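In what follows, residues are counted from 1 in the order of the sequence shown. It should be emphasised that the depicted structure is a prediction, and the values quoted were computed from it without experimental measurement.
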Amino acid sequence: MKKIIVLGSISIDNVTYTNTLPGPGTTVYGESFFSNIGGKGANQACQICYLGGDVIFYGSVGKDANGERVQKFLKEAGLTAILKFSECSTGVASITIDNTTAENRIIIVPGSNMDISKADIEKIKFENADILLLQLENPVESIVCAMKNAKEHGLLVVLNPAPYSKVPKEAFQYIDFFIPNEHELEQFTLEIDGSFEQRAKHLIKQGIKRVIVTLGEKGSLYVDEKESFTVAPHKVNAVDTTGAGDSYCGAFVTALSLDKSIKEAMEFASKVSSITVTRKGAIASLPKLDELK
C-alpha cells in the first residue's frame, strides 16, 4: 500500500436544512441544524482513513475552542494529523441544504486555513510518501510549492481544484491528476467554448497529465493525451451532496494507493461517493470500508 499525504483545510461546518432557500432580504424557517467537523482537506483525509488507506493529514487550526474540538475529533477518528497552531481563528463554514434538491450553498470563513506558508510546506516530509492530494482552500502559492516539492521527491500529485481559485499555468506541469467538477472545469477553461472532453484536452495541452471531471448524477469523465472514457454513476436518492466530491477524491486516491487501475479507481470512487450523498453531513456521511462489502 502506498503512503498518502493530504494537505488541506479543516473547519467547523454549521449546517442548516431548509425546505425554502431564502432570497435577498428574506427570512425563512429551517427544519434542522447541526455542527460538525469539515473542510475539504479533512473530509478527504478522513475518507482515506475510513477506507483503510495509509494517510497523514497536514492542516492548520486556531488556538481556540474550535481548534481543540478539531484535535479531539481527529484523534477519535484515528486520523494521523500534523497541525499548525495559528494565531488566526479556526476556519468555519455556513452551509444551507435544500431538502427538496439536496443541493447546497456554502459560505467559508477560512481563518487558519489561509495561514499555511511556504515555510510550513518545507517542513513536510514528502520523501516518506508516494501520493499527495490537495485542494484549493489554502493559499495557492503554498499549494504550488507543495506540488513542486512533491514532484521533486517523485510523488504522484492529485489536485482537486475546489473551490475554484486561479492556479498559475506554470504549475500545471506538476499535476498528475486534476479532478474538477463541471463548474470548476468551466472556470479553468473560460477561453474556449466546447464539451467537457474538449475543455479537459485543452488543460492537458497546457501541461496537466490527466483530467477526471466529476459530473454528479451523470457519472465521471476521464481524459488524457491518448484516450477518454466515462464511468457510469451509482443511482441513489441523494439527501445531501455536501462532501460528495471529497468522498470521491479520497476514495480514488485510496484505490490508486492499492495499485488499482485508473478506471477501477474511478468506479470505486463513484460507489463510495454514492453512499455519501444518501446521508447528512460531510465527515459524518463518509462510508467506512466494511460498508462496501
Return yes if some donor-acceptor pair links the side-chain N/O of [X] with the main-chain N/O of [Y] below 3.5 Å, else return no.
X      : Y      : answer
Arg210 : Phe177 : no
Asp130 : Lys3   : yes
Thr18  : Thr20  : yes
Glu182 : Thr214 : no

Exercise for the section: Pick out which of Asn36, Asn14, Ile106 makes a side chain to side chain contact (heavy atoms under 4.5 Å, CB included) with Ile95. Expected result: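 Running side chain to side chain contact (heavy atoms under 4.5 Å, CB included) over Asn36, Asn14, Ile106 with Ile95 returns exactly one hit, Ile106.
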Exercise for the section: State plainly whether one hydrophobic cluster holds both Ile5 and Leu156, where clusters connect Ile, Leu, Val, Met, Phe, Trp and Tyr through side-chain heavy atoms under 4.5 angstrom apart. Expected result: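 No; tracing contacts between hydrophobic side chains, which count when under 4.5 Å, never links both residues.
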So, [X] versus [Y]: side-chain donor-acceptor pair below 3.5 Å or not?
X      : Y      : result
Ser86  : Asp115 : yes
Asp246 : Gln47  : no
Ser273 : Ser247 : no

Exercise for the section: Determine, for Arg105 against Asp98, whether the closest basic-nitrogen to carboxylate-oxygen distance falls under 4.0 angstrom. Expected result: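 No, no charged N to carboxylate O under 4.0 Å.
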Practice task
Applying side-chain contact (heavy atoms from CB on, under 4.5 Å), name anything that partners Thr80, two or more places apart in sequence or on another chain.
Solution key: Ile56
Practice task
Can you sort out the partners of Pro233 under side-chain contact (heavy atoms from CB on, under 4.5 Å), two or more places apart, ordered by chain and number?
Solution key: Lys235
Problem - Test: Lys263 cationic atom under 6.0 Å from Phe229 six-membered ring centre, within 45° of axis - result: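 So Lys263 does make the cation-pi contact.
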Practice task
Answer yes or no for Lys63 and Phe85: cation-pi contact, defined as NZ/CZ to six-membered ring centre under 6.0 Å and angle to ring axis within 45°.
Solution key: no
Identify each donor-acceptor pair in which a side-chain atom of residues 186-194 lies under 3.5 Å from a protein atom, sequence neighbours left out, and give them as a table.
| from | atom 1 | to | atom 2 | distance (Å) |
| --- | --- | --- | --- | --- |
| Thr189 | OG1 | Leu185 | O | 2.7 |
| Thr189 | OG1 | Arg199 | NH1 | 2.8 |
| Glu191 | OE2 | His202 | NE2 | 2.8 |

Problem - Min side-chain heavy-atom separation Val158-Ile179 under 4.5 Å - result: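 Yes; the side chains approach each other to less than 4.5 Å.
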